[in-house]
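Heads up, the thing below is written out as structure tokens.
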There are 2 protein chains.
Amino acid sequence: MKIGELSARTGVSIRSLRYYEEQGLLAPVRHENGYREYSPLAEEQVRTIKFYLSLGLTTEQIAGFLQCVLINKEAFCNEVLPIYEQKLEEIDEQIRLLQHIKTNLQDRICSIVEERNQLGL
Amino acid sequence: MKIGELSARTGVSIRSLRYYEEQGLLAPVRHENGYREYSPLAEEQVRTIKFYLSLGLTTEQIAGFLQCVLINKEAFCNEVLPIYEQKLEEIDEQIRLLQHIKTNLQDRICSIVEERNQLGL
DNA sequence: ATAAACGCTGACATGAGTGTGAGAGTCAAG
DNA sequence: CTTGACTCTCACACTCATGTCAGCGTTTAT
């Protein structure tokens with residue numbers, strides 16, 4: 001399967017597929033003409049990459065355990081759990097920060113609305 | 001007051017003060033030697049900018065109402081409320097997304113832990 | 001007078017994945 | 001044989017506030 005077909009099957013742009021390869025996440029063989037040839041397994045592999053990216057993991061993190069995960073079950077890959085837990089902490093931290101900002105924003109909005117009401121607008 | 005002093009008073013780096021000026025948020029006068037001279041009011045102005053940035057507003061958005069806010073009360077500046085509300089929506093959207101990712105992460109973690117337990121590890 | 005401390009401009013780097021375009025080679029159908 | 005659809009590599013752009021460095025001028029204190 002060539003890159004265009006893999007792109008169409010997975011919904012991942014050709015640009016991104018080449019980027020994943022650059023980051024060590026995909027390793028298609030090459031034809032004599034230089035074209036990439038992907039095995040049928042690559043389709044599932046790309047979906048797996050897509051999923052991990054959607055969890056906010058970086059390509060570098062994914063590269064750290066992808067081979068293991070593709071071969072074994074996730075639970076067997078000791079690299080995965082710490083990364084998940086670290087990411088979870090980061091997410092919590094981001095949520096906390098956003099909640100804090102949200103509170104401040106709501107305070108400001110309330111102040112404005114109240115002040116306008118008091119002025120009888 | 002020169003830029004170093006303003007930086008020290010506000011805790012905002014010299015680099016950032018020059019950036020704020022570039023973005024139209026500050027307008028110090030210049031000495032003959034090219035040095036920036038800030039009025040004492042600039043200190044409060046920088047704190048105001050800092051606060052709006054901490055709410056996640058961009059310098060462009062801040063520039064849209066900063067002059068008004070510095071002269072009048074926030075409630076008088078009609079540009080402010082829509083920006084606050086728009087930002088609030090963005091924040092909510094980001095929080096939703098992060099919550100969604102968090103849920104997925106927790107599911108993955110649970111799966112791994114359970115699977116390992118079943119294997120008696 | 002000299003050195004340290006301060007100021008100036010301009011410009012590149014950051015993060016991280018993706019879009020986009022140029023310039024060129026390859027392949028298949030007409 | 002030509003045309004169009006694919007593919008290749010290389011490289012810049014993007015977001016946006018900030019860090020950082022180079023190269024140079026100015027002020028201040030010794």
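First the proteins, then the strands, lettered A, B, ... as listed; each starts at 1.
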How far does [atom1] of [X] sit from [atom2] of [Y], to the nearest 0.5 angstrom?
{"X": "B:L57", "Y": "B:I49", "atom1": "CG", "atom2": "CD1", "result": "12.0 Å"}
{"X": "B:N78", "Y": "B:N72", "atom1": "CG", "atom2": "CG", "result": "10.0 Å"}
{"X": "B:N104", "Y": "A:L88", "atom1": "CG", "atom2": "CG", "result": "11.5 Å"}
{"X": "A:K102", "Y": "A:I109", "atom1": "NZ", "atom2": "CD1", "result": "10.5 Å"}

Would you please confirm or rule out a distance under 4.0 Å between OP1 or OP2 of [N] and any side-chain N or O of [X]?
{"X": "B:R18", "N": "D:dG19", "result": "no"}
{"X": "B:N33", "N": "D:dT27", "result": "yes"}
{"X": "B:T59", "N": "D:dC16", "result": "no"}

Please report how far the helix from C:dA1-D:dT30 to C:dG30-D:dC1 bends, comparing the axis fitted to its first five pairs with the axis fitted to its last five, to the nearest 10 degrees.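 Computed from the C1' atoms at both ends, the axes differ by 30°.
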When you get a sec, tell me which of [options] is the closest nucleotide to the side chain of [X]?
{"X": "B:Y19", "options": "D:dC8, C:dG7, D:dC16", "answer": "D:dC16"}
{"X": "A:R15", "options": "D:dC12, C:dG7, D:dC8", "answer": "D:dC12"}
{"X": "A:Y20", "options": "C:dT18, D:dT7, C:dC8", "answer": "C:dT18"}
{"X": "A:S13", "options": "D:dC8, C:dG19, C:dC8", "answer": "C:dG19"}
{"X": "B:Y35", "options": "C:dT18, C:dG7, D:dA17", "answer": "C:dG7"}
{"X": "B:S16", "options": "C:dG7, D:dG19, D:dC16", "answer": "D:dG19"}
{"X": "B:R30", "options": "C:dT9, D:dA17, D:dT7", "answer": "C:dT9"}

Rounded distance (Å) that lies between atom [atom2] of [N] and atom [atom1] of [X]:
{"X": "A:E37", "N": "D:dC6", "atom1": "CD", "atom2": "P", "result": "16 Å"}
{"X": "B:L17", "N": "C:dT9", "atom1": "CG", "atom2": "C1'", "result": "16 Å"}
{"X": "B:K2", "N": "C:dC8", "atom1": "NZ", "atom2": "C1'", "result": "13 Å"}
{"X": "A:M1", "N": "D:dT7", "atom1": "CE", "atom2": "P", "result": "12 Å"}
{"X": "A:I14", "N": "D:dA5", "atom1": "CD1", "atom2": "P", "result": "14 Å"}
{"X": "A:E60", "N": "C:dG15", "atom1": "CD", "atom2": "C1'", "result": "12 Å"}
{"X": "B:L25", "N": "D:dC16", "atom1": "CG", "atom2": "P", "result": "14 Å"}
{"X": "B:I3", "N": "C:dC8", "atom1": "CD1", "atom2": "C1'", "result": "9 Å"}

Distance-only side-chain donor-acceptor flag, A:E90 / A:Q94, under 3.5 Å: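 Note: A:E90 and A:Q94 side chains miss the donor-acceptor criterion.
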Salt-bridge contact A:R30-A:E37 (side-chain N to carboxylate O under 4.0 Å):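 Salt bridge: no.
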In sequence, state the C-alpha distance, the side-chain angles, and the governing distance for A:E60 and A:Q23, and then conclude on side chain to side chain contact (heavy atoms under 4.5 Å, CB included). CA-CA 7 Å; A:E60 190 183 356; A:Q23 301 301 304; 5.8 Å; no
Indicate the ring-plane relationship of A:Y52 and A:Y84, choosing parallel, tilted or perpendicular according to the 30° and 60° boundaries.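 Judged by the thresholds at 30° and 60°, the geometry between A:Y52 and A:Y84 is tilted.
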